[in-house]
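As structure tokens, the structure follows; a few thoughts come after it.
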Amino acid sequence: MKRTKRTVSEHATKRVDALPRPVYGVAPTADDPTVKDALLDWSKDAPTYPPPTIEVGIQPPLHRPLKVYAIDSSRGKLPGNIITLMVKYEKLKPGPIGERICVVDYDGSRECFYDPVDLDDPLIAIQGGVEPSESDPHFHQQMVYAIASETLRRFESALGRTIRNRSTSGTTPLRMLIYPHARREANAFAQRNSLVFGYFRARASATGRIAPGQTVFTCLMHDVVVHTTTHAILNALRPDLLENGTGDSDAFLEGFCDLSAMLAHYSHRDALIDTIQRTGGLIYKSLLRTDGEIGAGVPQIQADLMPNNPFVALALGFGEATGMAGGLRTVLPDPDASALDKVREPHQRGQILLGAVFDAFFSIYVRRSQALFRIYRSGGGRSDSPDLPPPLAESLADEASRVATRVFNTCVRALDYCPTGCMYFGDYLRACITADYACDPTDKFGVRDSFMQGFRQRGITPKGASFFTEGALRWPKVDANPFKSLRPHFVGLPEPDASQQEQNQEALRDFIRVNASALSLRRNIPFDVYPLEAIRWTTLDDTPQLVLAAQVSQVTRSRKRSSLDNEAKGDESRSFAGVTLVFDSSGALRHAIRTS
Amino acid sequence: MNKKNLKQTFPTTIVPGTREMKMPGPVTMSRSTPTGSENNSDSLRVRMYRVGFGDFFLMTIPSDSGPQHILIDCGVTGGRTGKGDLGTIKDAVADMATETQKKLALIIVTHRHMDHIIGFSRCAEQFKDFEVAEIWMSIWETEYDSKISELQADLNSIALSAQNYIALAADDMPQKQDMSAMLQNATGLVLGMKGGGGGTNAASLALLKNGFGVKPKYYCKGQQVEMPKVLAGAGLSAEILGPPPTDATQFMKLMDLRKGVGQYLQAAESSRSSKIFRPFLEAWQTEASSYPESAFREWKPRGSVKPSTRGVNRALEKAVQAAQPAALMSAVKRLDDFLNNQSLVVLFTYKGKKLLFAGDAQGGNWEYWMYDDAQPTTTPSGKIGKDAAAVLSDLVFYKVGHHGSTNATPIAAVENMNSGFVAMCSTQEDCFGSVDNNSEVPRRPLLNALSAKCALVRSDQIDVKARGKVVPRSQDTDSAFHIPKAGQFKVGSCYVDYLL
């Protein structure tokens, strides 16, 4: 029988016609008998090619639009400060309480709760969330929820996996507890998976847009929320760095959280375009052009003031409220090769790392935006003109955003390539180079070279690499000779279930036991294994990639009788050995990165 | 006075590993009368007053124009338990005033902690009549470098804020007592105690810098001291071993304390109004029951189906507080270490005899002068520099650093010290640290190690009278003194003398 080929739309019409009118708000499922019948009926005279699937009924949305401040509340309605984040949709309870993020507005200083927001309330949902307001705790709760969700999504997107709380005894999906007004203090911090935000009165010496004595909420500062969320994510991803925490580990964690906070801005298009307009495309300038008369001498009106560039100053609102001239930190401190020897305090030392990565980021952006400027100039545009044509500003914003995503992904993927328990900035450079190479061997963005130069300018040179070249900086491939086997037997990859995880853990332990000396671990001494995790991405030619990483730590304790301690027990000496194992998609060991 | 009371019998201490253990019989020491009459002898004398947990030393040098006195610190602090301050400092200062006839050739202030300087402001009435020829202080007290003085002022304001904040925190805040004690030492303010003993660190520093009519000299390692003529004439010379210069690498790490952890400590600028300060209108306040049960999954009181507000309050408050002290404690500890490491370390030489006063110097300060390397090692038995080895192997006297705490006398230093010198440790038990985590002050293994090498005497080894009551010696001390290889100890009403 000759079959008549129908168009998809004809099928769809038939199917939809065959279905009962859907009840509002309830999507029929495949198990619904009426739907089943319709499908069966349809299949009787179906063509041989697979039937097209047509979504019917009211489907849950993919995203939930929620308004947040892109910088902080003191910027009010300045261009680009109020943005709408498209947060992955999930059903929420009042709080908001979701599957991964739980906001509980308890004020420890006043010992009371604040009313929880119900973002599923249709009146709120229809407005795209609660309107921004400093005096409405519902908006505060919405903002921390939205930013924490978005930050978690960006990490999971870079790593291609669900972020889980890792410990040597297993993993559980990360669930963050957020207290937006936990204490009356000028601080915000993360303790394991808890995010604690404080509120305080601005100092008498407050600068910028903040009035002295004004109540300042740290949960309304975008940078602070991302920074703190990143701490909680790092606590889950790399607990070994917290637990052992030697070398530059503390500074690295702080620097990385700043990095994550500052790169997040580059996905906020309106704010980015405004900054590009006000810096003539040079987004790394510390001050923005005024709205008023340019070069008019002493500012006469507020529009004459040159505002700080929120894309380079971290926690601007926090800095201003506590009487500093700018933000708490800057992404571009002056490059000083001796700073590494001088600065020890973790936040300030972390700023060196931040500077190195942002130097790389801005350099890539400037290089890649050159072509756009050339086109602009060849068409008669003047590079010294204070106004950029909107299409150029938009193209530059796209470029900045693309480069920022690329740099962020490299920085996040490098986390799985860092040594265990103790790391130095130089190790992180090597991890970035190795992770980026695995993702994009051709490196058309010039990311790796920019990273190397950015780090070198700040005196960060890895130990143990014989040359400062890309090849020498990549972690070496494992030498198969001393290993009895390179391929532990893993099952259920890339997302093993609980029992498969246990099997993999056991396989890993067997593998380490057998190859202990090849991995520079001491035999017959207990060791801890942080479970295997996968990094998944597609390369630029769309090849799916899978890399597996696990961390192994071994602490050797011995009681040494020192000549000082005449007591029988003596002082305990502790030596630490760690190795990060990176396996390729076939399950073969590719790198064994030893802790220096 | 009953003559019998002036005599005290001390059995010979048997110290394993020392020659003195062979010495027979009890040794009798006279309790000296509190007059200056004994100083006519040719001997150099170091007097350690027992004031509790704090340093108060008087060194006396014989000279042609009579005995010359050097006061090294004058302070005391209560510590975590409040037991550190015996209340004898005023009596001790009075004794010192009589002894010196209110003339001091030199005052050395090692650093600005309460347990080293509070006596100056607490006994300001007595000090105001003193004639002081010269004052030496740590480079960190200089007024000539605005960066340093701004940093110190800033640290002081941080300490004050934090002290207020902690004072108002709930009593079950972990490590509250330890933090309070350290901050009290930093500011000299005794909160919550009536009167608090009087004085503040700020008042003491003001007196030292402006009240004696002499401008202090500020020193660091590597600088030549200007010894007062009368002391130089008496044959005394001095070398400054610490603190390191303010731009030295290992010190720089502490310079940025303000920027890094200062933000954690800004909490309490006016935290007294904490409960009055409302971030939102009253109408926004609600009960735990407004939240779904899943909100409390992580910290629901065990066994309860629906958590009560009170239970939730307590559990959440605990969770939030548990996060806070870790940062606060680390900040407070850093502040404490930083101030200790500012200590002026002075090595005196008198007729070829070397006397080391180490203040409260800790790791970084010691390492700077002990090791030649640009990158100091922290390995306990690391090879120490030639000069340091020469100093340590030729000591006749050592003022034990930081009241005998574990990190104030490095193992390498003890190992390199010769045997047979005298060590004096001004301390009081049960004020800081704990035996459980090997941090008790004084640290027993350290004192044992020192005892094995030298004749060690502790200030809390003698009974003193305070506020009309006798404060007995600390429980685990021995009433017996070690016998020094050279010189002798004498016990006074509130002090121990070492006569050399």
Side-chain angles (χ1 to χ4, degrees), chain A residues 93-95 97 102-116 135-138 140 175 177 179 181-187 189-194 196 198-201 203 215 217 254 318 322 328-329 341-349 562-567 570-571, chain B residues 16 165 247 249-250 252-257 259-261 263-264 266-271 274-275 277-281 283-288 290-292 294-299 309 312-313 316-317 319-324 326-327 334 380-381 411 414-415 438 444-446 448-449 452:
Chain A
K93 289 180 181 159
I97 314 280
C102 169
V103 180
V104 181
D105 206 349
Y106 175 74
D107 186 337
S109 297
R110 294 190 49 77
E111 296 177 14
C112 69
F113 286 86
Y114 298 117
D115 191 56
S135 57
D136 180 353
H138 280 180
H140 300 206
R175 177 174 135 108
L177 304 173
Y179 308 110
H181 309 103
R183 314 200 49 88
R184 194 203 158 208
E185 64 181 59
N187 196 11
F189 53 86
Q191 171 87 343
R192 293 197 193 92
N193 62 337
S194 298
V196 176
Y199 60 91
F200 60 102
R201 283 222 165 111
R203 297 180 100 172
T215 307
F217 298 96
E254 293 303 336
F318 194 103
T322 49
L328 198 58
R329 293 185 279 282
D341 295 331
K342 292 182 196 161
V343 182
R344 283 281 176 276
E345 194 286 314
H347 295 84
Q348 297 304 311
R349 196 170 169 83
S562 84
S563 56
L564 183 80
D565 258 305
N566 285 338
E567 285 178 348
D571 276 343
Chain B
Y165 175 67
D247 58 351
T249 310
Q250 63 269 57
M252 291 302 292
K253 65 184 174 189
L254 297 159
M255 287 285 287
D256 43 27
L257 184 116
K259 283 185 188 159
V261 294
Q263 70 190 68
Y264 296 119
Q266 282 177 341
E269 275 173 349
S270 56
S271 55
S274 194
K275 295 239 167 164
F277 175 32
R278 278 202 308 255
F280 302 110
L281 295 175
W284 287 110
Q285 293 189 12
T286 184
E287 294 294 315
S290 306
Y291 281 79
S294 56
F296 308 123
R297 200 164 78 194
E298 275 78 2
W299 39 271
T309 301
V312 167
N313 273 357
L316 182 51
E317 177 62 7
V320 172
Q321 279 201 349
Q324 176 65 355
R334 282 165 60 91
S381 299
I411 295 172
V414 181
E415 285 176 347
N438 294 338
R444 284 176 200 157
L446 170 70
N448 289 343

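To find a chain, count down the sequence lines: A is the first, B the second, and so on, and within it residues start at 1.
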With heavy-atom distances below 4.5 Å as the criterion, would you say the side chains of B/Ser294 and A/Lys93 are in contact? yes
Rounded at 0.5 Å granularity, tell me how far CD in B/Gln285 sits from CG in A/Asp105. 10.5 Å
Please report the interatomic distance OG1(B/Thr286) to OH(A/Tyr106), rounded to the nearest 0.5 Å. 13.0 Å
Considering all heavy atoms of both residues, which atom of B/Ser290 and which atom of A/Pro116 are nearest to each other, and what is their separation? O-CG, 3.6 Å
Grab the two heavy atoms, one from A/Pro94 and one from B/Pro292, that are nearest each other, plus how far apart they are. O-CD, 3.2 Å
If the test is ring pair (Phe, Tyr, Trp, His ring centres under 6.0 Å), which one of B/Tyr291, B/Trp284, B/Phe280 qualifies with A/Phe113? B/Tyr291
